[in-house]
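See below for the structure under consideration.
Position 1 is the first residue of the sequence; numbering continues from there. For the numbers below, each heavy atom of this structure counts, side chains included, while hydrogens, waters and symmetry mates do not.
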Amino acid sequence: MKRTTFYIMFFQLFVLFTACKKEIMSYEGKEGVYFAMRHGTNEYLPDLWPYQPFTDIDFVRMSTDEIDFPVKVMITGPSKTYDRIYRVEVNPDSTTAILGQHYEALKDQYILPAGAVSAQVNVRLKRTADLEEKPVTLGLKLVATKDFALSFPEWHSIPSLNSGTVVPQFDATLHSLHINDVMVQPAVWSGSLQPGNRESGLFGVFSRRKMEFLAEYLGLKYEDFGAAETMPMARMMLIASDATKVLVKRYNEGKPVLEDDGRLMWMGTVPWTSYLGVPWVPGG
């Protein structure tokens, strides 16, 4: 009986050891590179966000005119004890951005350091006036080298990575940067347009000019209006009150603040009515 029990225990240990050995077997397949970009902003759950074939670059949310945007590249296969070379080029098939105007030239090659399984390409992007009206795209593509082939030309989404937008299938050797400075109405904005194109609410109709006014005179940022946590109703009421004082003061000084269509800027409780497309007439 004891001998039988011993054999059973030995057999179980043998099966367990064999299974573990199978699980940790070394990587088999070509060693390659792919873009590993995600859009998640939750720093506590970084592994829930799916991989994406594009990234939006919104200059309107930044306080700088140039950025070095990091694009993450990962490898398949093991790390090595020596540096290896990978290459990234501009993909002309998907690029509308202009070299020297919207971005600076990429390097001829990049280095994956010894021991690393990922690296990043810093792409220098530039904020230009035309981005306020029309976004541009900078397409990137990985190029095979003597050290790396191209991995996952047909990337399939991973079922467990399902937070946010999921793209079912794409080429992970390509990535697009959508660059813009278009200022759309932020998530939190207390204002509306009534029948007859009349502005109402605390802030009236959103405009880039109005946001620039709030930044210049009240020190606000576009990002402040991104969520109720940073822009509760009580704060919006205070902003509308302060904006009213500035607008009325400028009007009384003979230097009224105008929107792009020539109408008086309307916010809070200013003593005038504003209609979209109807310019202000001095003395009218």
Please tell me if the side chains of [X] and [Y] come closer than 4.5 Å, counting only heavy atoms from C-beta onward.
X: Ile239; Y: Leu214; answer: yes
X: Ile67; Y: Met62; answer: yes
X: Lys72; Y: Phe35; answer: no
X: Val71; Y: Met37; answer: yes
X: Met233; Y: Met236; answer: yes
X: Tyr275; Y: Gln194; answer: no
X: Glu66; Y: Arg127; answer: no
X: Leu140; Y: Leu174; answer: no

*asked:* Please give the remaining members of the hydrophobic cluster of Leu193, linking ILVMFWY side chains under 4.5 Å, ordered by chain and number.
replied: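 Once heavy-atom contacts under 4.5 Å are chained together, Leu193 belongs with Val205, Leu276.
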Quick check for you: to the nearest 0.5 Å, what is the distance between [X] atom [atom1] and [Y] atom [atom2]?
X: Phe213; Y: Leu220; atom1: CZ; atom2: CG; answer: 10.0 Å
X: Ile179; Y: Lys126; atom1: CD1; atom2: NZ; answer: 11.5 Å
X: His178; Y: Ser94; atom1: NE2; atom2: OG; answer: 8.0 Å
X: Met183; Y: Arg208; atom1: CE; atom2: CZ; answer: 4.0 Å
X: Gln120; Y: Asp68; atom1: CD; atom2: CG; answer: 9.5 Å
X: Met231; Y: Glu223; atom1: CE; atom2: CD; answer: 11.0 Å

*Sidechain N-carboxylate O distance under 4.0 Å for Asp58, Arg61*: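 Looking at Arg61 together with Asp58, the answer is yes, because their closest N to O distance falls below 4.0 Å.
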For [X] and [Y], which heavy atoms make the closest approach, and how far apart are they?
X: Pro232; Y: Glu229; result: CD-O, 4.1 Å
X: Ala116; Y: Ser79; result: O-CB, 3.8 Å
X: Ala172; Y: Trp155; result: CB-CB, 3.9 Å
X: Asp261; Y: Val278; result: OD2-N, 4.4 Å
X: Thr230; Y: Arg235; result: O-NH1, 2.7 Å
X: Glu259; Y: Ser207; result: OE1-OG, 2.9 Å

Output yes when a side-chain donor or acceptor of [X] lies under 3.5 Å from a complementary backbone atom of [Y], and no otherwise.
X: Thr244; Y: Ala240; result: yes
X: Asp147; Y: Ile85; result: yes
X: Asp224; Y: Lys221; result: yes
X: Arg38; Y: Trp49; result: yes
X: Arg209; Y: Asp260; result: no

Hydrophobic cluster membership, with links at side-chain heavy-atom distances under 4.5 Å among I/L/V/M/F/W/Y: are [X] and [Y] in one?
X: Leu131; Y: Val60; result: no
X: Leu218; Y: Leu264; result: yes
X: Leu161; Y: Val166; result: no
X: Phe152; Y: Val73; result: no
X: Phe206; Y: Val184; result: yes

*Under 6.0 Å from the CD atom of Glu154, do we count more than 12 heavy atoms belonging to anything else shown?*
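At most 12 heavy atoms, drawn from other residues, nucleotides or ligands, come within 6.0 Å of this atom.
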*Kindly check if the number of other-residue, nucleotide or ligand heavy atoms within 6.0 Å of CG (Asn252) is above 12?*
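Above 12, so yes.
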*For the rings on Phe203 and Trp266, is their centre-to-centre separation under 6.0 Å?*
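Judged by ring-centre distance (under 6.0 Å), Phe203 and Trp266 do not meet the cut-off.
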*Assert yes or no for the condition that the ring centre distance of His39 to Phe54 is strictly below 6.0 Å.*
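That pair passes the under 6.0 Å test.
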Side chains of [X] and [Y]: is there a donor and an acceptor less than 3.5 Å apart?
X: Thr76; Y: Ser151; result: yes
X: Arg84; Y: Tyr110; result: no
X: Asn180; Y: Asp56; result: no
X: Asp130; Y: Thr128; result: yes
X: Glu89; Y: Asn91; result: no
X: Ser200; Y: Ser192; result: yes
X: Thr145; Y: Arg87; result: no

_Quick one, Trp280 with Met265, criterion side-chain contact (heavy atoms from CB on, under 4.5 Å). Give me CA distance, side-chain angles, the key distance, then yes/no._
CA-CA 10 Å; Trp280 170 65; Met265 184 172 288; over 6 Å; no
_Verdict with supporting geometry, Val88 and Val143, side-chain contact (heavy atoms from CB on, under 4.5 Å)_ = CA-CA 6 Å; Val88 179; Val143 180; over 6 Å; no
*Only counting residues at least two apart or in another chain, list the ones meeting side-chain contact (heavy atoms from CB on, under 4.5 Å) with Ala97.*
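For Ala97 the side-chain contact (heavy atoms from CB on, under 4.5 Å) partners, ignoring immediate neighbours, are Thr95, His102, Tyr103, Val136, Leu138.
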*side-chain contact (heavy atoms from CB on, under 4.5 Å) assessment of Asn122 paired with Phe69*: CA-CA 5 Å; Asn122 289 321; Phe69 187 79; over 6 Å; no
*With side-chain contact (heavy atoms from CB on, under 4.5 Å) as the test, would you mind laying out the steps for Phe59 and Leu125 before giving the verdict?*
CA-CA 10 Å; Phe59 269 110; Leu125 303 176; 4.1 Å; yes
